[in-house]
S.K.: 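Pasting in a structure now, in structure tokens, and then I'll have a few things to ask.
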Amino acid sequence: MNAKLADRMATVIFYAIAAVIVLLLAGLFGYILVNGVGNISWKFITSPPQSFQAGGGIGPQLFNSFYLLVLTMIISIPLSIGAGIYMSEYAKKNVFTDILRTVIEVLSSLPSIVVGLFGFLFFVIYMGWGFSILTGALVLTIFNLPLMVSVVETSLKGVSNAQREAGLALGISKWETIKKILLPAAIPGIVTGIILASGRVFGEAAALIYTAGMSTPILDFSNWNPFSPTSPLNPMRPAETLAVHIWKINSEGLMPDVKEVSSGTSALLIILILLFNLAARWIGKLIYKRMTSS
């Protein structure tokens, strides 16, 4: 077999593998959307769920998912950026950093249900916070930190050393070089990490069952006092998310239209993840242009 024939065969094989992956993904998305989009309506999106009657919606679960996402990102982003900067720009090669990298790798390989059980034992039981949005956000922060720290570190290391040297040659401090030169150049990679972590927040169920809970109290959306038990902004209340709601109604749902509710919720979750990814990429490009003046 000559080299040209081998190259063509390898090219065909790789294109075939890529096509299979794309077809599997398109088939999965298509099946969920075809079966679920017809069940989505304004009433379905805004009304509360029903336990025994048909016609319920997912309004509180939809709000809980976004609220949990925002709270998780508020906690995760500063921690991950700070840790990524330290690992990339300040950490020296020694035993401590080797142990730290090993810990990050171990955390990234833990199943989400194990992290959820840790959150249940520590935050829910030991700390006495009960099932709450804050508990879920902290557990998802632990779950997402290894990925986000690694992405930030890799993005910063991907910036050319010439830019570091140019900043230091101008007489500015190391921190100013990081803040004004390295971080803007690393924004696309950092945004990618935030997008990946956000998608995991939307789709996570196992860890949230043990921390955020599988129920939502009756919420008063006119009450925005975060200390009120009926306020949607109260971080100490239980909060069933869309992913947990899908699991719950498929395992123990008693409403007559459980299949329609499950299909509609799944389709809406897929649509939201796609829209969020597109919006986040657009925002990342906009921030990159503004910070680099390009």
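FYI, the numbering just counts along the sequence from 1.
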S.K.: To the nearest 0.5 Å, what is the distance between CD1 on Ile273 and CZ on Phe29?
M.R.: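 Rounded to the nearest 0.5 Å, the CD1-CZ separation comes to 7.5 Å.
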
S.K.: If every non-hydrogen atom of Val139 is compared with every non-hydrogen atom of Ala207, which pair is closest and at what distance?
M.R.: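 Where Val139 meets Ala207 most closely, the heavy atoms are CG1-CB, 4.0 Å.
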
S.K.: Ignoring hydrogens, what is the shortest heavy-atom contact between Ile246 and Ser266? Give both atom names and the distance.
M.R.: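 Taking every non-hydrogen atom into account, CD1-OG, 3.6 Å.
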
S.K.: If you take all heavy atoms of Thr265 and Leu242, which pair is closest and at what distance?
M.R.: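 Heavy atoms of Thr265 and Leu242 come nearest at CG2-CD2, 3.8 Å.
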
S.K.: Got a second to check how far Ser150's OG is from Glu105's CD, nearest 0.5 Å?
M.R.: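 Interatomic distance, Ser150 OG to Glu105 CD, rounded to 0.5 Å: 8.0 Å.
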
S.K.: Suppose we call two aromatic rings close when their centres sit under 6.0 Å apart. Are Phe122 and Tyr126 close by that rule?
M.R.: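 For Phe122 and Tyr126, the ring centres are under 6.0 Å apart.
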
S.K.: What orientation do Phe123 and Trp129 show, parallel under 30°, tilted 30 to 60°, or perpendicular over 60°?
M.R.: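 Rings of Phe123 and Trp129: parallel, as their planes differ by under 30°.
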
S.K.: Answer yes or no: is there a donor N or O on one side and an acceptor on the other, between the side chain of Tyr210 and the main chain of Gly119, under 3.5 Å?
M.R.: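 No, because the side chain of Tyr210 does not come within donor-acceptor range (under 3.5 Å) of the backbone of Gly119.
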
S.K.: Are Leu79 and Ile74 connected in a single hydrophobic cluster, I mean Ile/Leu/Val/Met/Phe/Trp/Tyr linked by side-chain heavy atoms less than 4.5 Å apart?
M.R.: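 Each belongs to a different hydrophobic cluster.
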
S.K.: Supply the atom-to-atom distance Ser262 OG to Met255 CE, rounded to the nearest 0.5 angstrom.
M.R.: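 Output value for this atom pair is 10.0 Å.
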
S.K.: Check Pro60 against Ser47 and note the closest heavy-atom contact, atom names and distance.
M.R.: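 Heavy atoms of Pro60 and Ser47 come nearest at CD-O, 4.0 Å.
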
S.K.: Looking at Thr216, Asn64, Thr230, which hits side chain to side chain donor-acceptor pair (under 3.5 Å) with Arg237?
M.R.: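 Exactly one candidate clears the test, Asn64.
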
S.K.: Could you state the interatomic distance from OG (Ser160) to CG (Leu182), rounded to the nearest 0.5 Å?
M.R.: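 With rounding to 0.5 Å, OG (Ser160) is 10.0 Å from CG (Leu182).
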
S.K.: Gln163 and Ala185: which non-hydrogen atoms are nearest, and at how many Å?
M.R.: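 So the minimum-distance heavy-atom pair works out to OE1-CB, 4.2 Å.
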
S.K.: Would you sort out whether Leu183 and Ile190 count as a side-chain contact (heavy atoms from CB on, under 4.5 Å), showing the intermediate values?
M.R.: CA-CA 9 Å; Leu183 278 177; Ile190 294 173; 4.0 Å; yes

S.K.: How about CZ on Phe221, more than 12 heavy atoms from neighbouring residues, nucleotides or ligands closer than 6.0 Å, or not?
M.R.: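 Yes, enclosed.
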
S.K.: Are Ile104 and Arg101 packed together at the side-chain level, in the sense that at least one heavy-atom pair is separated by less than 4.5 angstrom?
M.R.: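 They are not in side-chain contact.
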
S.K.: Given side chains that start at C-beta, do those of Val244 and Gln61 come closer than 4.5 Å, heavy atoms only?
M.R.: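 A side-chain contact under 4.5 Å is absent here.
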
S.K.: Does a donor on one side chain sit under 3.5 Å from an acceptor on the other, for Ser263 and Asn35?
M.R.: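 Checked: Ser263/Asn35 side chains show no N/O donor-acceptor pair below 3.5 Å.
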
S.K.: Would you say the side-chain atoms of Thr141 and Ser76 include a donor-acceptor pair closer than 3.5 Å?
M.R.: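 Side chains of Thr141 and Ser76: pair found under 3.5 Å.
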
S.K.: Asn39 versus Phe44: any side-chain heavy-atom pair under 4.5 Å?
M.R.: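 Of all side-chain heavy-atom pairs linking Phe44 with Asn39, none is under 4.5 Å.
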
S.K.: Between OG of Ser231 and CG of Asn223, what distance do you get to the nearest 0.5 Å?
M.R.: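 Rounded to the nearest 0.5 Å, the OG-CG separation comes to 5.0 Å.
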
S.K.: Tell me whether Leu156 shares a hydrophobic cluster with Trp175, the cluster being built from Ile, Leu, Val, Met, Phe, Trp, Tyr side chains joined at under 4.5 Å.
M.R.: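 They do share one cluster, since a chain of ILVMFWY contacts under 4.5 Å joins Leu156 to Trp175.
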
S.K.: Are Ile218 and Leu62 linked, directly or through other ILVMFWY residues, by side chains that come within less than 4.5 angstrom of each other?
M.R.: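 No, it is not one cluster - the side chains of Ile218 and Leu62 are not joined through contacts under 4.5 Å.
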
S.K.: Is there a side-chain contact between Thr177 and Glu89 in this structure, where contact means two heavy atoms from C-beta onward sitting under 4.5 Å apart?
M.R.: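 In short, these two side chains do not touch, never coming nearer than 4.5 Å.
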
S.K.: Is Leu23 linked to Val12 within one hydrophobic cluster, defined over Ile, Leu, Val, Met, Phe, Trp and Tyr using a side-chain heavy-atom separation of less than 4.5 Å?
M.R.: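 Leu23 does not cluster with Val12.
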
S.K.: Are Leu233 and Phe63 side-chain neighbours, meaning at least one heavy-atom pair lies under 4.5 Å?
M.R.: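 In short, these two side chains touch, coming nearer than 4.5 Å.
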
S.K.: A quick test of your reading: do over 12 heavy atoms of other residues, nucleotides or ligands sit less than 6.0 Å from NZ of Lys43?
M.R.: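 It does not: Lys43 NZ has 12 such atoms or fewer within range.
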
S.K.: What verdict does the side-chain contact (heavy atoms from CB on, under 4.5 Å) test give for Leu145 and Leu107, after you've listed the backbone C-alpha separation in whole Å, the side-chain angles of each residue and the deciding distance to 0.1 Å?
M.R.: CA-CA 8 Å; Leu145 267 181; Leu107 279 176; over 6 Å; no

S.K.: Keeping the roles fixed (side chain from Thr97, backbone from Lys92), state whether a donor-acceptor pair exists under 3.5 Å.
M.R.: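 Checking the backbone N and O of Lys92 against the side chain of Thr97, a donor-acceptor pair under 3.5 Å is found.
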
S.K.: I need the Ile40 CD1 to Ile271 CD1 distance, nearest 0.5 Å.
M.R.: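 So the CD1 of Ile40 and the CD1 of Ile271 are separated by 4.5 Å.
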
S.K.: Does one hydrophobic cluster hold both Leu25 and Ile32, with members joined at side-chain heavy-atom distances below 4.5 Å?
M.R.: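 As far as the 4.5 Å side-chain criterion goes, Ile32 and Leu25 are connected within one cluster.
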
S.K.: Go through the steps to decide whether Ile181 and Arg164 satisfy the test side-chain contact (heavy atoms from CB on, under 4.5 Å), and finish with yes or no.
M.R.: CA-CA 8 Å; Ile181 298 175; Arg164 293 179 175 83; over 6 Å; no

S.K.: With side chains defined as the heavy atoms from C-beta onward, is the minimum distance between Ile178 and Ile85 less than 4.5 Å?
M.R.: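 Sidechains of Ile85 and Ile178: in contact.
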
S.K.: Less than 4.5 Å apart, side chain to side chain, heavy atoms only: is that true for Ser198 and Leu69?
M.R.: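 Side chain of Ser198 against side chain of Leu69, heavy atoms only: contact under 4.5 Å found.
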
S.K.: Does the side chain of Val149 come within less than 4.5 Å of Ser80's, by heavy atoms?
M.R.: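 Answer yes - side chains close enough.
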
S.K.: Between Trp247 and Leu208, does the side-chain contact (heavy atoms from CB on, under 4.5 Å) criterion hold? Intermediate values first, please.
M.R.: CA-CA 11 Å; Trp247 176 85; Leu208 296 178; over 6 Å; no

S.K.: Please report the closest heavy-atom contact between Glu240 and Lys248, naming both atoms and the distance.
M.R.: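 Nearest heavy atoms, Glu240 then Lys248: OE2-CD, 3.1 Å.
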
